[in-house]
S.K.: 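Here it is, the structure, as structure tokens.
Excluded from the calculations below are hydrogen atoms, water molecules and symmetry mates; all remaining heavy atoms, backbone and side chain alike, are included. Whatever order the structure lists ligands and atoms in, that order sets their numbers, starting from 1.
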Amino acid sequence: MPDKLGSDTNRRGLLIILSSPSGAGKSTLARRLMAWDDSLRFSVSATTRAPRPGEVDGVDYRFMDDSAFRGLVTDGQMLEHAHVFGNFYGSPLAPVSEAIDAGRDVLFDIDWQGAQQIQKSVLAPHVLSIFILPPSIGELRRRLETRGQDGQDVIAKRMMKSWDEISHWDGYDYVLINDNLDATEAKLKTIIAAERMKAAQQPDLMRHVHSLQSEFEDMP
Ligand code: ADP
Ligand code: 5GP
């Protein structure tokens with residue numbers, strides 16, 4: 001039976017990709033979506049970057065060194081991977097396949113390079129990609145500063161890379177300007193609820209249509 005959010009076990013899972021320049025708010029929005037729908041699975045990325053204060057291994061990221069990361073790539077265990085801000089980041093394939101096969105949606109907080117790789121993969125028909133823009137560059141910097149997790153040098157590096165990330169905005173299905181957080185959250189929920197009902201996400205539709213057809217033909 002469909003639950004309150006329109007998800008049910010007789011549908012394929014979506015790969016929901018959130019990208020944005022660092023600081024635009026995608027991790028905050030991802031956390032809100034996870035709290036909204038406990039059937040969503042978050043794709044915990046592997047990374048070679050050091051944990052930030054409060055980040056938990058296996059929850060926020062799987063933290064590892066370069067050689068462990070390269071081993072996963074060589075073994076074909078990554079759905080996608082990229083080099084971002086001097087570190088490797090990648091999405092392990094196995095948890096994604098398991099979730100999708102079980103009809104669960106998977107949420108990705110990844111950059112444009114990862115989004116492009118998934119959009120070119122065999123999973124492309126089930127991808128929902130959303131790009132989050134900041135209301136202004138000044139506000140982007142303020143958010144990076146108020147987040148308080150990076151030093152001035154790292155913030156400067158993230159700001160310099162922000163235009164590169166923003167320049168890929170048109171490769172996404174939806175683009176949202178994250179001005180008001182509650183409003184952006186509401187828009188994201190609307191998009192996800194609608195995408196879940198796309199024909200490609202409902203493998204049982206054909207069976208239902210056949211049963212309607214039989215009933216129709218049996219009518220006196
Ligand atoms: P990202 O994951 O894109 O790097 P975060 O989610 O970490 O960005 O957000 C960066 C900072 O901006 C955080 O302190 C967050 O609370 C804040 N933030 C996110 N969205 C908004 C918004 N719409 N208005 C004001 N502050 C926001
Ligand atoms: P942060 O260091 O701020 O957590 O992430 C830096 C950037 O790396 C963000 O744009 C984030 O979306 C991206 N990122 C995080 N995990 C992955 C991943 O698995 N693959 C790719 N391609 N990018 C990722």
S.K.: To check your reading of the model: name the closest protein heavy atom to atom 12 (O) of ligand 2, its residue, and the distance in Å.
M.R.: D109 OD1, 2.8 Å

S.K.: Could you work out, for atom 16 (O) of ligand 1, the closest of L140, L181, T28 by heavy-atom distance?
M.R.: T28

S.K.: Kindly give the heavy-atom pair with the smallest separation between G23 and L140, and that separation in Å.
M.R.: C-CD1, 3.6 Å

S.K.: Centre of F85's six-membered ring, under 6.0 Å away, within 45 degrees of the axis: is that where NZ or CZ of R158 sits?
M.R.: yes

S.K.: Should R142 and E145 count as an ion pair when the cut-off is N to O under 4.0 Å?
M.R.: no

S.K.: Looking only at protein heavy atoms, which one is nearest to atom 10 (C) of ligand 1, and what is the separation?
M.R.: G23 O, 3.6 Å

S.K.: Return the closest protein heavy atom for atom 13 (C) of ligand 2 as residue, atom name and distance.
M.R.: D111 N, 3.8 Å

S.K.: Which pairs count as salt bridge (Lys or Arg N to Asp or Glu O under 4.0 Å) when at least one residue sits in residues 70-80, sequence neighbours excluded?
M.R.: D66-R70

S.K.: Is P135 in contact with ligand 1, taking contact as a heavy-atom separation below 4.0 Å?
M.R.: no

S.K.: Which of the atoms in ligand 1, numbered in the order shown and given with their element, are less than 4.0 Å from a heavy-atom of P21?
M.R.: 3 (O)

S.K.: Checking contacts here: is it the side chain or the backbone of H83 that comes within 4.0 Å of ligand 2, counting heavy atoms only? Could be both or neither.
M.R.: neither

S.K.: May I ask you to check whether over 12 heavy atoms, not counting those of H83, lie within 6.0 Å of atom NE2?
M.R.: yes

S.K.: Report the part of E165 (side chain from C-beta onward, or backbone N, CA, C, O) that has a heavy atom under 4.0 Å from ligand 2; answer both or neither where that applies.
M.R.: neither

S.K.: Compare every heavy atom of V44 with every heavy atom of V59, then report the nearest pair and how far apart it is.
M.R.: O-CG2, 3.5 Å

S.K.: Out of all atoms in ligand 1, which are within 4.0 Å of some heavy atom of S20? Include the element for each.
M.R.: 3 (O)

S.K.: Check contact between K26 and ligand 2, using heavy atoms of the residue and a distance below 4.0 angstrom.
M.R.: yes

S.K.: Sorted by first residue and then second, give each side chain to side chain donor-acceptor pair (under 3.5 Å) pair with at least one member in residues 123-138; sequence neighbours left out.
M.R.: Q119-S129, H126-Q201, S129-D173

S.K.: May I ask whether W112 places a heavy atom under 4.0 Å from ligand 2?
M.R.: no

S.K.: Using a heavy-atom cut-off of under 4.0 Å, does the side chain or the backbone of R158 touch ligand 2, or both, or neither?
M.R.: side chain

S.K.: How long is the straight-line distance from OG1 of T184 back to CD1 of I177, given to the nearest 0.5 Å?
M.R.: 9.0 Å

S.K.: Exactly one of N178, L176, I192, I130 should register a side-chain contact (heavy atoms from CB on, under 4.5 Å) with K187. Which one does?
M.R.: L176

S.K.: Considering heavy atoms of the protein only, find what lies nearest to atom 20 (N) of ligand 2 and give residue, atom and distance to 0.1 Å.
M.R.: E80 OE2, 2.8 Å

S.K.: How close do D109 and K26 get, counting heavy atoms only, and between which atoms?
M.R.: OD1-CE, 3.1 Å

S.K.: Please compare I118, V44, L144, I110 and report which has the shortest non-hydrogen distance to atom 18 (C) of ligand 2.
M.R.: I110

S.K.: Can you measure from NE2 (H210) to CZ (F216) and round to the nearest 0.5 angstrom?
M.R.: 14.5 Å

S.K.: Could you please spell out the steps behind the salt bridge (charged side-chain N to carboxylate O under 4.0 Å, His left out) verdict for R32 and D182?
M.R.: CA-CA 10 Å; R32 286 182 172 217; D182 291 340; 2.7 Å; yes

S.K.: Among all protein heavy atoms, pick out the one at the shortest distance from atom 7 (O) of ligand 1; state its residue, atom name and that distance to 0.1 Å.
M.R.: R147 NH1, 2.9 Å

S.K.: Regarding ligand 2, does V84 bring an N or O atom to under 3.5 Å of one of the ligand's N or O atoms?
M.R.: no

S.K.: Among all protein heavy atoms, pick the one closest to atom 20 (N) of ligand 1 and tell me residue, atom and distance.
M.R.: N178 ND2, 3.1 Å

S.K.: What residue and atom, counting heavy atoms only, is the protein's closest point to atom 2 (O) of ligand 1, and at what distance?
M.R.: S27 OG, 2.5 Å

S.K.: Students should be able to answer this: which protein heavy-atom is nearest to atom 16 (N) of ligand 2, and at what distance?
M.R.: S45 OG, 3.1 Å

S.K.: Run the numbers for me: atoms of ligand 2, each under 4.0 Å from some heavy atom of R49, listed by number.
M.R.: 1 (P), 2 (O), 4 (O)

S.K.: How close does the nearest protein non-hydrogen atom get to atom 19 (C) of ligand 1, and which residue and atom is it?
M.R.: G25 CA, 3.7 Å

S.K.: Quick one: does ligand 2 sit under 4.0 Å from the side chain of Y61, the backbone, both or neither, non-hydrogen atoms only?
M.R.: side chain

S.K.: Ignoring hydrogens, what is the shortest heavy-atom contact between R52 and Q149? Give both atom names and the distance.
M.R.: CD-OE1, 3.5 Å

S.K.: What residue and atom, counting heavy atoms only, is the protein's closest point to atom 24 (N) of ligand 1, and at what distance?
M.R.: R143 NH2, 3.2 Å

S.K.: Could you list the atoms of ligand 1 found under 4.0 angstrom from a heavy atom of S22?
M.R.: 4 (O)

S.K.: Does the distance from a Lys or Arg side-chain N to an Asp or Glu carboxylate O, for E165 and K161, drop under 4.0 Å?
M.R.: no

S.K.: How close do E55 and A50 get, heavy atom to heavy atom, and via which atoms?
M.R.: OE1-O, 4.4 Å

S.K.: Judging by distance only, is a nitrogen or oxygen of H81 under 3.5 angstrom from one on ligand 2?
M.R.: no

S.K.: Can you tell me if D179 has a non-hydrogen atom under 4.0 Å from ligand 1?
M.R.: yes

